[in-house]
**Q** 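Mind having a look at this structure? Questions to follow.
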Amino acid sequence: MITLSDFAPIHRCHKSSLDRIDVAVFPLGLVAKDLDQDGVQSLLSLLSRPILPTSWSPSAELPFDHSWLELTHNRHIFVCTHGARDPLCGIHGGQLLKELRQVIEARHLQKHMAAWATSHIGGHKFAANAIVYPRGDWYATWCDRCRGAKGAPVADAETIVDAALSDSVWWDAWRGAINMTKEDQVDTWLKHNSGHEHCGHQTEDTFETWVPPAASVRGT
């Protein structure tokens, strides 16, 4: 999955936004710096390998300037705000992003957690949509079905932050994970949500620790 984001750039003196870019690769935590078109192709070629680099790989293996994000204690939340793709993403995604940032600031978590706007990541009818890294859990707060036009309540932002902090899953809003097949996502959701009712019926937020399987799908 390749998206545009307002993820903070490493370099701030590019000639233009199209000449050179920084690319953050999740869940690897790799930041490829100051890439031109050839550099982007080198990165894509690297990511197509069956064995991917890690933060302890020799630097000579990477044909571009790079750094590694600290993901052991830090969390990144990407929210789709792509209103040009679907107004639901722009309205509900923008509201969720705003309130996530408010919760992060109110809890003084800025050193270890950040929320970013990103372009379309699929599932716009379930907006607002968010992906939490490094786990790669994918959430949809279903504002269009359950909560009308008012957007995501602060409670949704607080619950996502709680799940990210505790390395747990908010099953009521879980849509899957980037490293699972469609079949595995459906089976996992049904296992943890059997008997739950949604959209119009209040349910108790369910948290449970769950460790994703080995990554088979990569996110950038």
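Excluded from the calculations below are hydrogen atoms, water molecules and symmetry mates; all remaining heavy atoms, backbone and side chain alike, are included.
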**Q** Can you measure from CG (Asn129) to NE2 (His92) and round to the nearest 0.5 angstrom?
**A** 10.5 Å
**Q** For the backbone of Ile160 and the side chain of Tyr139, can you confirm whether one donor and one acceptor N or O come within less than 3.5 Å of each other?
**A**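 Not a single qualifying donor-acceptor pair exists.
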**Q** Identify the heavy atoms of Ala117 and Leu97 that sit nearest to each other, and give their distance.
**A** CB-CD2, 3.6 Å
**Q** Nearest 0.5 Å, what's the CE-CG distance between Met180 and Asp137?
**A** 9.0 Å
**Q** Which pairs pass salt bridge (charged side-chain N to carboxylate O under 4.0 Å, His left out) with one or both residues in residues 35-48, sequence neighbours excluded?
**A** Arg20-Asp36
**Q** Going through the checks in order, is the side-chain contact (heavy atoms from CB on, under 4.5 Å) test met by Leu43 and Val25?
**A** CA-CA 10 Å; Leu43 174 61; Val25 182; 4.3 Å; yes
**Q** Looking only at heavy atoms, what is the nearest atom pair of Ala128 and Leu96, with distance?
**A**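 Ala128 and Leu96 have their closest heavy atoms at CB-CD2, 3.6 Å.
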**Q** Side chain of Thr81, backbone of Gly93: donor and acceptor closer than 3.5 Å?
**A** no
**Q** What's the spacing between Leu69 CG and Tyr133 OH if we round to 0.5 Å?
**A**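 That separation rounds to 12.0 Å.
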**Q** Write down the atom of Val132, the atom of Ala164, and the distance for their closest heavy-atom approach.
**A** CG1-CB, 3.7 Å
**Q** Are the side chain of Asp22 and the backbone N or O of Asp34 linked by a donor-acceptor pair below 3.5 Å?
**A**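 Present.
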**Q** Hey, could you give me the CG/CG distance between Leu46 and Leu52, rounded to the nearest 0.5 Å?
**A** 7.0 Å
**Q** List the atom of Ala163, the atom of Trp170, and the distance in Å for their closest heavy-atom pair.
**A** CB-N, 4.2 Å
**Q** Report the distance from atom CD of Gln110 to atom CZ of Arg101, rounding to the nearest 0.5 Å.
**A** 12.0 Å
**Q** In sequence, state the C-alpha distance, the side-chain angles, and the governing distance for Arg107 and Leu165, and then conclude on side-chain contact (heavy atoms from CB on, under 4.5 Å).
**A** CA-CA 11 Å; Arg107 297 191 186 183; Leu165 285 174; 4.0 Å; yes
**Q** Under the 3.5 angstrom rule, does the side chain of Thr159 hit a backbone N or O of Ala155 as a donor-acceptor pair?
**A**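 It does hold such a pair.
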**Q** Could you list the residues that satisfy side chain to side chain contact (heavy atoms under 4.5 Å, CB included) with His73, not counting sequence neighbours?
**A** Glu70, His112
**Q** To the nearest 0.5 Å, what is the distance between CG on Asp187 and NE2 on His192?
**A** 11.0 Å
**Q** Using every non-hydrogen atom in the two residues, find where Gln185 and Gly176 come nearest and quote the distance to one decimal.
**A** OE1-CA, 2.9 Å
**Q** What are the two closest non-hydrogen atoms of Trp171 and Trp189, and how far apart are they?
**A** O-NE1, 3.6 Å
**Q** Could you walk me through whether Leu62 and Leu30 pass the side-chain contact (heavy atoms from CB on, under 4.5 Å) test, one step at a time?
**A** CA-CA 10 Å; Leu62 302 179; Leu30 170 66; 4.1 Å; yes
**Q** Quick one: do Leu28 and Leu47 satisfy side-chain contact (heavy atoms from CB on, under 4.5 Å)? Show the steps, please.
**A** CA-CA 10 Å; Leu28 285 180; Leu47 296 177; 3.9 Å; yes
**Q** Could Arg75 and Asp167 be called an ion pair, given the rule that one side-chain N must be under 4.0 Å from one carboxylate O?
**A** yes
